[in-house]
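Below, each value reflects all heavy atoms present in this structure, side chains not excepted, and no hydrogens, waters or symmetry copies. Chain identifiers are assigned alphabetically (A, B, ...) following the order of the sequence lines, protein sequences preceding nucleic acid strands; residue numbering begins at 1 within each chain.
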Amino acid sequence: MDKVEELSRAFEQLAELSEIKGEVRFKVNAYHRAAEVVRTYGEEILEKDDVDELRRYPGIGEGIAKKILEFKRTGTISKLEQLKEEIPVELLTLLQVPNLGPKRAKLVYEELGVRTIEELQEAAESHRLASLRGLGPKAEQNILEGIRQLQQGSGRLLLSTASRLAEEIVGLMRERIPGLVISPAGSLRRMKETIGDIDLLVSSEEPGRVMEIFCDLPLVSKVLLHGDKKSSVLTDEGLHVDMRVVRPEQYGAALQYFTGSQSHNIRVREIAKKKGLKINEYGVFVVEGDRRIAGETEEEVYRVLGMAWPPPELRENRGEVEAALRGRLPRLLEEGQVRGDFHVHTRASDGINTLEELREAAEARGYRFLAITDHAASLKVAGGLDRDRILRQVEEIRALNARGDSPVILLAGAEVNVGNEGELDYDEEVLSQLDVVIASVHSGFKQSREQITRRILTALRHPHVKIIGHPTGRLLGQRPPYEVDLRAVMKEAAELGKALELNAFPDRLDLNDEALLEARELGVMIAIGTDAHRAEHLSFMRFGVATARRGWVPPDLVVNAREPEEVLRWLWDGRR
DNA sequence: GCCGTTTTCGGCCCGACTGTTTTCAGTCG
C-alpha cells in the first residue's frame, strides 16, 4: 500500500473508531472529509512541509494538518494509536455488516464482548442480541441477513456489468410501463469504476404502482425495503438495486440528490443553507415560508445556487463545487471528440478479428485511425508475434491503407513487453518500422517499487516508445497494482512529451481517475486504448472517456482527440 | 475537527424506512 492510501486509511479508521467511541458527529465527519481530501490530492499533500500550506486544502485545519505532518515524520498518528488501545480495531470489520452501524457495534462489544463477525453471528443465532436495549427479534434477523449478504455479496460490480444490468432492468420496467421516465443515478451515473449498488430514479404520478411492479420483477429474489418513495431489492445474483420514485416536477431535484456523491451533496446543501435555501430530493425551497423555487431540472437546481451544472462524473467533492460556483468548470473530453483507438488486438495474437473486420468496426464508430497493437513474441500465453510475423503484419497494414477505400487509417503497432531491465522484445529494425509502440509490464509484478519504476522509466526513454500501457497493471477485483512510483513516471512522460495509456478495458481502467487527476496537474498526455480483443470491445471507449472525465482530463491532453496526421507527427517525432 | 461579506463561537445536509418506540434512535445513502 502506498503512503497516500495508508494516510487516507488512517483518517478513515480515525473516523470510524471515533464514531464507535461516540465522538460528536461533526468530528467524525471531519475525519472522513480528511480521508477524502488525502485520496484526492495525495501526492501533492505529502510533499508539503508546513501547517499553513496544508490548511489551504478544504477541510484541513490545524488539527488535521498536524496529524498529516506527524504521519510523514513517524509513519503513524498518535491519536489513532491511542484510540486503537481503547477500542479493538477488529470492531471495524463489524461495520461492514449491513444493518449494523457504530452504535450497535459498540453495544454488542460492550454488553456481549462481541468483536468479530463470527461472534456476532453466534450471538444473533443464540438470540442474545434481541435481549439488548433497543434491539429486538427483527433487528437480530436483519443483522443475520446482513452477515449473509456480506458473505455472499460478491462485493462491487464492474462499471460495465452494472451498466448492462441497469439497462436490463430499465428495459423490463418499460415493457411493463411503456414510456416510463427512468434513469440510472448514483455511482453508475457518475461512472465510477466499480458500483456497489444500482440506483434507479423514476418520474411518475403513480409511485405505488411503479414500486409494485419493480418489487415483482422476475429477477428480484428478495425485497429489502418496500415503500412508496423508496424500495430496495436483491436480484437473483445477489445484486442490490434501489429505486426511488418522485413526481415529474421533482425529477431534477431528485436526480441531483440521488446522483450524489454524498459528499458532493453535503457541500451543495451547505451552500444552499448559507443562502437561506434548503435542498432536498423534492426541490429547492426558501426556508422562510417554505416556498419552492426549483426542482424540475438539475440545471435549475444548480442555477438557483449560483452554480454551473457539474457533469455527474465530476461530483466527488474534488473541487468541482468551487469550480461550479466560479463558473470555471473544466472542459472535458466527450466521446464524439475521439478520433481513434490506440490499443487493439487481432486474431494474429489473442484477439479474434481480422484487420479488415476491426477497421470496419472503427469506421462504424466514425473513427479516423485505429492502432493495431498485437502482443510481441515474448508474451507466449497471448500468442505474441515473432519478428517475421510482425513484419508481415506491418506490410499487410501498409497495403490496406494504400487501397484508400476507408476513412480509417490503420497504424502499425505493437504492445511490447518491458523486460527486467527495461529492455523491449523487438530489435531496432522492427521497432523502427512501427507507427505505435506501447510498452507494457506483463511480468515481475512482485518486484520492488524501485525496480519496476526503473524498468518503466527505461522503456519510456526508449526513442521508439511513445506510450506506456496500463501503467499500474491492476485488474479490478483480481490483482492489485504493482508498486511503481507513478509520479516519477508522469513527470518523465510530461518532460519527454510522451503519453501514458488510459486502458479502457473494464477490468483495468488504468490509469484510474485519481491518477488522471495527477496526470492532468502535471500536463501528461493521455492515450486511450480499449485493449479490444474483439470488434465489440471498441465500445469500451465510453468507459475510457468517462474515466478521463472523472480525472478532469481536458481534450487537449488526450491524443485520441487529434486528427490522424497530427497523431502520426507525434508518433514519429524524434525517432529518425 | 472545520469554518466564517451574517459569526473566532456556535453552528455543522437531509430525508426514507424500520423496529422498538410510549416519542424516537439507528442505519443508510
[atom1] gap between [N] and [M], integer Å:
| N | M | atom1 | result |
| --- | --- | --- | --- |
| B:dC17 | B:dC12 | P | 25 Å |
| B:dT8 | B:dG15 | C1' | 32 Å |
| B:dC14 | B:dC9 | P | 25 Å |
| B:dG1 | B:dT6 | P | 28 Å |
| B:dC13 | B:dC2 | P | 15 Å |
| B:dT22 | B:dC28 | P | 23 Å |
| B:dG10 | B:dA16 | C1' | 29 Å |

I'd like to check the ring pair (Phe, Tyr, Trp, His ring centres under 6.0 Å) partners of A:Y251; sequence neighbours left out, ordered by chain and number.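 Counting only residues at least two positions away or on another chain, A:Y251 forms no ring pair (Phe, Tyr, Trp, His ring centres under 6.0 Å).
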Sequence neighbours excluded, which residues qualify as ring pair (Phe, Tyr, Trp, His ring centres under 6.0 Å) partners of A:H537?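 Listed in chain order: A:F505, A:F540.
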Base paired to B:dT8 (Watson-Crick or G-U; both N/O distances under 3.5 angstrom):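 Pairing partner: none.
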Identify, residue by residue, the members of [range] with a heavy atom below 4.0 Å from DNA chain B, and return them in order of residue number, or none.
| range | result |
| --- | --- |
| residues 262-288 of chain A | A:Q262, A:I266, A:R269, A:E270, A:K273, A:K278, A:I279, A:N280, A:E281, A:Y282 |
| residues 298-305 of chain A | none |
| residues 19-32 of chain A | A:F26, A:K27, A:A30, A:Y31 |
| residues 95-116 of chain A | A:V97, A:P98, A:N99, A:L100, A:G101, A:P102, A:K103, A:R104 |

Which pairs count as salt bridge (Lys or Arg N to Asp or Glu O under 4.0 Å) when at least one residue sits in residues 249-278 of chain A, sequence neighbours excluded?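 Residue pairs with at least one partner in residues 249-278 of chain A: A:R247-A:E249, A:R267-A:E270, A:R267-A:E322.
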Would you mind listing every side chain to side chain donor-acceptor pair (under 3.5 Å) that reaches into residues 280-291 of chain A, with sequence neighbours excluded?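 For residues 280-291 of chain A: A:R244-A:E281.
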Counting only heavy atoms from other residues, nucleotides and ligands, does the tally under 6.0 Å from CZ of A:R326 exceed 12?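 It does not: A:R326 CZ has 12 such atoms or fewer within range.
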Verify the neighbour count for atom CD of A:Q478: are there more than 12 heavy atoms of other residues, nucleotides or ligands below 6.0 Å?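 Yes, because the 6.0 Å sphere around CD of A:Q478 holds more than 12 heavy atoms from other groups.
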In terms of base orientation, is B:dT6 syn or anti, with the syn window spanning 90° either side of 0?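 Glycosidic conformation of B:dT6: anti.
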Closer than 3.5 angstrom, by distance alone: can the side chain of [X] be matched with the main-chain N or O of [Y] as a donor-acceptor pair?
| X | Y | answer |
| --- | --- | --- |
| A:S131 | A:R128 | yes |
| A:Q256 | A:G252 | no |
| A:D513 | A:G551 | no |

Under 4.0 Å from any heavy atom of chain A: name the first and the last nucleotide of DNA chain B that qualifies, 5' to 3'.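 The protein-touched segment is B:dG1 to B:dG29.
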Taking only residues two or more places apart in sequence or in another chain, which ones pass side-chain hydrogen bond (donor to acceptor under 3.5 Å, both in side chains) with A:E206?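 Partners of A:E206 under the side-chain hydrogen bond (donor to acceptor under 3.5 Å, both in side chains) test: A:R209.
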Minimum heavy-atom distance between A:R520 and A:V553, given as atom pair plus value: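 So the minimum-distance heavy-atom pair works out to CD-N, 4.3 Å.
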Taking all non-hydrogen atoms of both residues into account, name the closest pair between A:P248 and A:S203 and its distance.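 Looking at all heavy atoms of both residues, the shortest contact is CA-OG, 3.3 Å.
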Base, sugar-phosphate, or nothing: which does A:K66 touch, judged by heavy atoms less than 4.0 Å apart?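 Counting heavy atoms under 4.0 Å across all strands, no contact is made by A:K66.
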For A:Y257 and for A:K138, locate the closest nucleotide of DNA chain B by heavy-atom distance; then report the residue assigned to the nucleotide nearer the 5' terminus.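 Upstream on the strand: A:K138.
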For the side chain to side chain donor-acceptor pair (under 3.5 Å) test, which of A:E36, A:H32, A:R33 pairs with A:S263?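 Single pass found, and it is A:E36.
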Under 3.5 Å, sequence neighbours excluded: what are the donor-acceptor pairs made by side chains of residues 94-109 of chain A?
unit_1: A:N99; atom_1: ND2; unit_2: A:N142; atom_2: O; d: 3.0
unit_1: A:R104; atom_1: NH1; unit_2: A:N99; atom_2: O; d: 2.9
unit_1: A:K106; atom_1: NZ; unit_2: A:K21; atom_2: O; d: 3.3

Do any side-chain atoms of residues 176-201 of chain A form donor-acceptor pairs under 3.5 angstrom with protein atoms, and if so which ones, sequence neighbours left out?
unit_1: A:R176; atom_1: NH1; unit_2: A:L172; atom_2: O; d: 3.0
unit_1: A:R189; atom_1: NH1; unit_2: A:T259; atom_2: OG1; d: 2.8
unit_1: A:R189; atom_1: NH1; unit_2: A:E298; atom_2: OE2; d: 2.9
unit_1: A:R189; atom_1: NH2; unit_2: A:E298; atom_2: OE1; d: 3.0
unit_1: A:R190; atom_1: NE; unit_2: A:E316; atom_2: OE2; d: 2.8
unit_1: A:R190; atom_1: NH1; unit_2: A:T259; atom_2: O; d: 2.7
unit_1: A:E193; atom_1: OE1; unit_2: A:R474; atom_2: NH2; d: 2.8
unit_1: A:E193; atom_1: OE2; unit_2: A:R474; atom_2: NH1; d: 3.2
unit_1: A:T194; atom_1: OG1; unit_2: A:R156; atom_2: NE; d: 2.8

Donor-acceptor side-chain pairing of A:S221 and A:D236 below 3.5 angstrom: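 A:S221 vs A:D236: no donor-acceptor pair found between side chains.
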